2 protein chains.
Amino acid sequence: MPDPLFAPTENAAEPDLESQLSQARAIARKAGKTLTPVREYFYKRLLCEGPLGAYELLAGLDGVASAKPPTAYRTLEFLQELGLIRKLQSVSKYIATPLSAVSSPMAFVVCRQCGLTEKLECDPAQTSVFDRARKSGFDQLDATIEISGRCGRDDCPGDRLRTGRST
Amino acid sequence: MPDPLFAPTENAAEPDLESQLSQARAIARKAGKTLTPVREYFYKRLLCEGPLGAYELLAGLDGVASAKPPTAYRTLEFLQELGLIRKLQSVSKYIATPLSAVSSPMAFVVCRQCGLTEKLECDPAQTSVFDRARKSGFDQLDATIEISGRCGRDDCPGDRLRTGRST
DNA sequence: TGTATATCGTTATAACGTAACTTTTTTGAT
DNA sequence: ATCAAAAAAGTTACGTTATAACGATATACA
């Protein structure tokens, strides 16, 4: 039976990059904002390359822009406010939100050896830690749910310890 | 009815500090380690003062020890390995684990205005995101579950915006 | 006593993030 | 068109958080 609380995202075919970008532009427009070139560049890289740090994103801007930290952090904050990306607090990296989940809480499973990250969409109505927080009087809730573990893949660097390969 | 997944910790009387310390020493001994003075000092402060950053803890060591960052991070790593403390990833602070929860996952609810932090103990058997991670082949799981929100207390600094007090 | 392990000290620097102020660009009203 | 306001980007400088690498000391116990 399917797990009601956490569903893996993007199980079917990967959505087309251009269509994701145009949906993102629409989301920005609805908020009275625009996806400028740097914003679009960051979002595109996070869509294509998975979790990246602020300085990694910045490094890709050689010549394209001024490439200094405040630019990166402003851009990341902007994309987070729209829900287009999230921060993985446990590794200080950023990751694109599937468009189906821009306004739902998410959970992530992160391999502590290789960084492989699985995205999970949460049903907020069934995520009981939210209820618990509200019962304590908290509002304007925002979730950070990250499970770190070992992914167990054959090519995960950490697995070399387990497969008998020497040195 | 009580929430089965997340239960607030330390609802009853606060345990006695000395008894917590001696239990912590016992936990260290069982692991073949010892609670040295700096370790005990950090743990004690986290027990008494709530979430603190590495450099805040360090600052308290004036003269008592060499007071340099690696000492702090080694000490914090040691206490984390024993389960005596956890890191609040979303605010880069550390917090003491209730002794009842040294080996269970925990969740935290953190006020983004004033830092007030509520500790919640999780039942791992019912924390479905763990199942989801295992189904994906992950093992040696470690949870980071942090809800940030506004605590809504009268004396929370952020509330000044809502109570009509001017500037 | 000697050797292995645990612990701590020290220097230096990497990695992550922000404050504060300036300049440029865009937008929309007149 | 042009001007004022708002949004976005540039720039300098710095603050905060964390780690690498290596050396010194202490402790356990064969």
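Everything quoted here is computed from the prediction, not taken from an experiment. So you know, we letter chains A, B, ... as the sequences are listed, proteins then strands, and number each from 1.
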N/O contacts under 3.5 Å, protein versus nucleotides 26-30 of chain D?
none

> Can you check the Q80(B) CD to dT17(D) C1' distance for me, whole Å?
Replying inline: 14 Å
> Does any donor atom in the side chain of Q89(B) or T144(A) lie under 3.5 Å from an acceptor atom in the other side chain?
Replying inline: no
>> Output the rounded distance in Å from CG (L35(A)) to P (dT26(C)).
In response: 15 Å
> Separation of L52(A) atom CG from dC16(C) atom C1', in whole Å?
Replying inline: 15 Å
> Using a cut-off of 4.0 Å on non-hydrogen atoms, how would the nucleic acid contact of K93(A) be classed: base, sugar-phosphate, or nothing?
Replying inline: nothing
>> Using the side-chain hydrogen bond (donor to acceptor under 3.5 Å, both in side chains) definition, which of the options Q80(B), R86(B), E121(B), K119(B) pairs with T97(B)?
In response: R86(B)
> To the nearest angstrom, how far is L58(B) atom CG from dT19(D) atom P?
Replying inline: 14 Å
>> So that I can tick it off, tell me whether R45(A) and E56(A) are bridged by a salt bridge, with the cut-off set at under 4.0 angstrom between side-chain N and carboxylate O.
In response: no
>> Return the CG to CZ distance between L141(A) and R150(B), rounded to the nearest 0.5 Å.
In response: 11.0 Å
> Is a side-chain N or O of R112(A) found less than 3.5 angstrom from the main chain of Q140(B), in a donor-acceptor match?
Replying inline: yes
>> Heavy atoms from C-beta onward define the side chain here; which of dG17(C), dA18(D), dA8(D) lies closest to that of R39(A)?
In response: dA8(D)
> Can you check whether K87(B) has a side-chain N or O nearer than 4.0 Å to OP1 or OP2 of dA18(D)?
Replying inline: yes
> Between dT11(D), dG17(C), dA8(D), which nucleotide gets closest to the side-chain atoms of K68(A)?
Replying inline: dT11(D)
What's touching nucleotides 18-25 of chain C from the protein side, N or O pairs under 3.5 Å?
none

